[in-house]
Amino acid sequence: MARLLPPHAWRSKGTIALARSLLGKHLVRRRRGGGVEAHLITEVEAYQGEADLASHARRGRTARTAVMYGRGGVWYVYLCYGVHEMLNLVVGPPEHPAAVLIRGLDGISGPGRVTRALGIGRELNGKPAARRTGLWLEDRGVRVPRGRVRASARVGVAYAGPVWAAKPWRFRWEPPARYRAGG
DNA sequence: TACTCGATCGGA
DNA sequence: CCGATCGAGTAA
């Protein structure tokens with residue numbers, strides 16, 4: 001039983017809760033040719049507000065960050081280090097720039113590897129998480145107990161200064177064998 | 001227009 | 001540890 005999670009499911013307030021709730025959901029990709037594959041989300045990071053000095057929104061609204069100021073439920077994809085595409089889900093109400101970086105899937109560790117493995121690029125930037133865009137989210141009934149989620153500091157954000165770099169907004173979850181591919 | 005610096009990764 | 005590789009953001 002797979003329940004589609006439409007864009008409006010990501011428009012409530014509470015960036016951290018929304019980020020945590022992405023763990024255990026499935027990121028579903030339709031490939032050219034029509035094949036569909038679903039990947040269990042195992043690691044995310046939350047970025048919230050202009051005050052968060054680790055967030056791209058720290059410099060306010062710009063051409064790149066405009067998508068973060070829109071409604072939740074759309075993809076924010078950008079190029080990092082001139083090499084890797086990073087996939088984020090914009091969350092929250094309009095005018096509140098918040099996003100959740102998809103850092104890891106079952107069997108795929110690292111945000112650059114996630115996009116490479118699924119064939120995701122900036123053409124998806126600003127597009128909604130919906131079937132018609134070829135990249136969407138589903139709840140397939142996987143339960144993630146709070147106690148099984150490890151929170152730690154976000155990766156690669158030393159530039160944000162000690163206070164913001166230390167925020168425990170990276171969330172990891174090790175899926176039990178029964179939920180894993182082939183398990 | 002001229003810089004600087006990345007929400008990373010793979011190979012020395 | 002280091003280089004790749006390029007666009008956003010800033011200063012001028």
Side-chain angles (χ1 to χ4, degrees), chain A residues 7 10-11 13-25 27 29 39-129 133 135-137 144 149-174:
Chain A
W10 309 103
R11 290 173 187 166
K13 298 175 182 174
T15 303
I16 303 304
L18 288 172
R20 295 184 67 122
S21 76
L22 270 170
L23 296 174
K25 301 303 188 295
L27 180 65
R29 178 67 164 149
H39 299 266
L40 193 57
I41 297 174
T42 58
E43 181 175 350
V44 299
E45 274 177 3
Y47 292 84
Q48 55 168 339
E50 296 180 346
D52 179 0
L53 297 184
S55 171
H56 290 168
R58 68 189 179 279
R59 300 184 199 283
R61 187 182 207 125
T62 66
R64 182 173 62 159
T65 62
V67 62
M68 294 178 73
Y69 287 79
R71 293 185 294 183
V74 308
W75 302 115
Y76 168 42
V77 186
Y78 68 92
L79 183 66
C80 185
Y81 291 98
V83 180
H84 301 107
E85 313 276 352
M86 301 282 110
L87 174 67
N88 297 252
L89 180 68
V90 174
V91 298
E95 303 307 316
H96 182 259
V100 180
L101 172 65
I102 310 294
R103 283 195 66 88
L105 307 172
D106 180 29
I108 306 171
S109 181
R113 290 175 174 178
V114 166
T115 54
R116 187 158 55 96
L118 301 203
I120 292 165
R122 279 164 286 174
E123 70 279 359
L124 279 161
N125 187 49
K127 300 279 173 45
T133 66
L135 187 67
W136 67 97
L137 294 158
V144 179
V149 175
R150 288 141 63 197
S152 59
R154 294 170 292 181
V155 176
V157 296
Y159 59 82
V163 172
W164 291 97
K167 297 287 184 187
W169 292 344
R170 175 194 190 190
F171 301 103
R172 282 177 290 174
W173 169 64
E174 182 87 19

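In what follows, every chain begins at residue 1, and chains take the letters A, B, ... in the order their sequences are listed.
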Base, sugar-phosphate or nothing for Arg116(A)? Non-hydrogen atoms, less than 4.0 Å.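 Sugar-phosphate: the residue Arg116(A), judged by heavy atoms under 4.0 Å, touches backbone atoms but no base.
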By the 4.0 Å heavy-atom rule, please label Arg58(A) as base, sugar-phosphate, or nothing.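 Nothing: the residue Arg58(A), judged by heavy atoms under 4.0 Å, touches no strand.
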Can you tell me how far [atom2] of [N] sits from [atom1] of [X], to the nearest Å?
{"X": "Leu79(A)", "N": "dT5(C)", "atom1": "CG", "atom2": "C1'", "value": "8 Å"}
{"X": "Glu85(A)", "N": "dC6(C)", "atom1": "CD", "atom2": "P", "value": "11 Å"}
{"X": "Arg61(A)", "N": "dA8(C)", "atom1": "CZ", "atom2": "P", "value": "17 Å"}

Please tell me if Thr62(A) has a side-chain N or O lying less than 4.0 Å from either OP1 or OP2 of dA8(C). no
Distance test, side-chain N/O of Arg59(A) to OP1/OP2 of dA8(C), below 4.0 Å: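 No, Arg59(A) has no side-chain N/O under 4.0 Å of OP1/OP2 on dA8(C).
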Quick one: does any side-chain atom of Thr62(A) pair with a main-chain N or O of Thr65(A) as donor and acceptor, under 3.5 Å?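 Side chain of Thr62(A) to backbone of Thr65(A), a donor-acceptor pair under 3.5 Å: yes, one is there.
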What is the 5' to 3' range of DNA chain B, first to last nucleotide, that sits under 4.0 Å from any heavy atom of chain A?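 Reading along DNA chain B, I get dG6(B) to dG10(B).
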Is the shortest side-chain heavy-atom distance between Pro128(A) and Pro7(A) below 4.5 Å? yes
Residue pair Met86(A) / Tyr76(A), side-chain heavy-atom distance below 4.5 Å: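 Answer no - side chains too far apart.
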Pair pattern of DNA chain C in dot-bracket, where unpaired bases get dots and | marks partners in another strand, Watson-Crick or G-U under 3.5 angstrom: ||||.||||||.
Same-atom distance (P) from dA12(B) to dT5(C), integer angstrom: 15 Å
Any salt bridge linking Arg154(A) with Glu45(A)? Criterion: basic side-chain nitrogen under 4.0 Å from a carboxylate oxygen. no
Could Arg58(A) and Glu50(A) be called an ion pair, given the rule that one side-chain N must be under 4.0 Å from one carboxylate O? no
Is it true that His96(A) and Tyr69(A) share a donor-acceptor pair across their side chains at a distance under 3.5 Å?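 No, no side-chain donor-acceptor contact under 3.5 Å.
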Upstream residue (5' side of DNA chain C) when Arg122(A) and His84(A) are each assigned their closest nucleotide: His84(A)
Kindly indicate whether a cation-pi arrangement holds for Arg122(A) with Tyr78(A), taking the cut-offs as under 6.0 Å to the six-membered ring centre and within 45° of the axis. no
